[in-house]
Amino acid sequence: MIKKFLGIILCIVLITSCKSQSFEDFESEYIHNHYDIDDIIETYENTNIKMYLLKENKKIKLVFFEEKYGNYNVEEITAEDYYGSFLYSDAFNTFLIIFYDSDKVNNFSCSVVKNDNSIIQINESNLQNRQQHIFYYVLDRDY
């Protein structure tokens, strides 16, 4: 009886370990197969997402990975003028991601509109001194 119980616990631990490792393997393999790792200028990681910001000549590209219910999603967003943005939603929130090359961009501002009565104005400056290339904002789901 104790052996069965320990076997079940070991099996659960192994499945959980394999699953989280599997997402890491997926995003790592994708980046290594599609891009030169020397082009990566920043990474950002949160619970079920990982982002890579790459600089390719005059373009920058955000490669966004998300693990949701065992499925892996990849979005690639390319920006021509050294900055760009990406907006996505889940069941609870809307996320605004602004990315840029801090060698070329020193400030930005944008507005996110929910309705006539609810507008969020975002202003960031002095970016070249902040050593940050990705801003990640969590908003109300309705934006």
Is there a donor in the side chain of [X] and an acceptor in the side chain of [Y], or the other way round, less than 3.5 Å apart?
X: Glu76; Y: Tyr35; value: yes
X: Ser89; Y: Arg141; value: yes
X: Tyr72; Y: Ser22; value: yes

Please confirm whether the backbone N or O of [Y] pairs with a side-chain atom of [X], one donor and one acceptor, at under 3.5 Å?
X: Asn115; Y: Asn117; value: yes
X: Glu67; Y: Gly70; value: yes
X: Asp90; Y: Asn93; value: yes
X: Arg130; Y: Ser125; value: yes
X: Asn106; Y: Gln128; value: yes

Any chain of hydrophobic side-chain contacts (each under 4.5 Å) joining [X] to [Y]?
X: Met51; Y: Val138; value: yes
X: Ile60; Y: Leu87; value: no
X: Ile41; Y: Phe86; value: yes
X: Val74; Y: Ile49; value: no
X: Ile77; Y: Leu54; value: no

Could you tell me whether [X] and [Y] have their ring centroids closer than 6.0 angstrom?
X: Phe64; Y: Tyr88; answer: yes
X: Phe108; Y: Tyr83; answer: no
X: Phe95; Y: Tyr137; answer: no

Drop me the distance from [X]'s [atom1] to [Y]'s [atom2], to the nearest 0.5 angstrom.
X: Ile97; Y: Ile134; atom1: CD1; atom2: CD1; value: 8.0 Å
X: Ile37; Y: Ile31; atom1: CD1; atom2: CD1; value: 10.0 Å
X: His32; Y: Asp25; atom1: NE2; atom2: CG; value: 11.5 Å
X: Thr78; Y: Glu80; atom1: OG1; atom2: CD; value: 7.5 Å
X: Leu53; Y: Glu42; atom1: CG; atom2: CD; value: 6.5 Å
X: Asn126; Y: Ser102; atom1: CG; atom2: OG; value: 11.0 Å

Is there a side-chain contact between [X] and [Y] (heavy atoms, below 4.5 Å)?
X: Leu139; Y: Leu96; answer: yes
X: Ile98; Y: Cys110; answer: yes
X: Gln132; Y: Phe135; answer: yes

Does Lys55 come within less than 4.0 Å of Asp101, counting only side-chain N to carboxylate O?
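Here Lys55 pairs with Asp101 in a salt bridge, since their nearest N and O are under 4.0 Å apart.
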Charged N to carboxylate O below 4.0 Å: is that the case for Lys50 and Glu66?
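Salt bridge absent between Lys50 and Glu66.
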Tyr100 and Leu127 have their tightest heavy-atom pair at OH-CD2, 3.4 Å
Would you call the rings of Tyr52 and Phe65 parallel, tilted or perpendicular, where under 30° means parallel and over 60° means perpendicular?
perpendicular
Residues two or more places apart in sequence or in another chain: which of them pass salt bridge (Lys or Arg N to Asp or Glu O under 4.0 Å) with [X]?
X: Asp140; value: Lys114
X: Lys104; value: none
X: Lys58; value: none

Quick one, His133 with Phe99, criterion side chain to side chain contact (heavy atoms under 4.5 Å, CB included). Give me CA distance, side-chain angles, the key distance, then yes/no.
CA-CA 6 Å; His133 299 89; Phe99 56 97; over 6 Å; no
Take atom CD in Gln121; do more than 12 heavy atoms of anything else shown fall under 6.0 Å from it?
yes
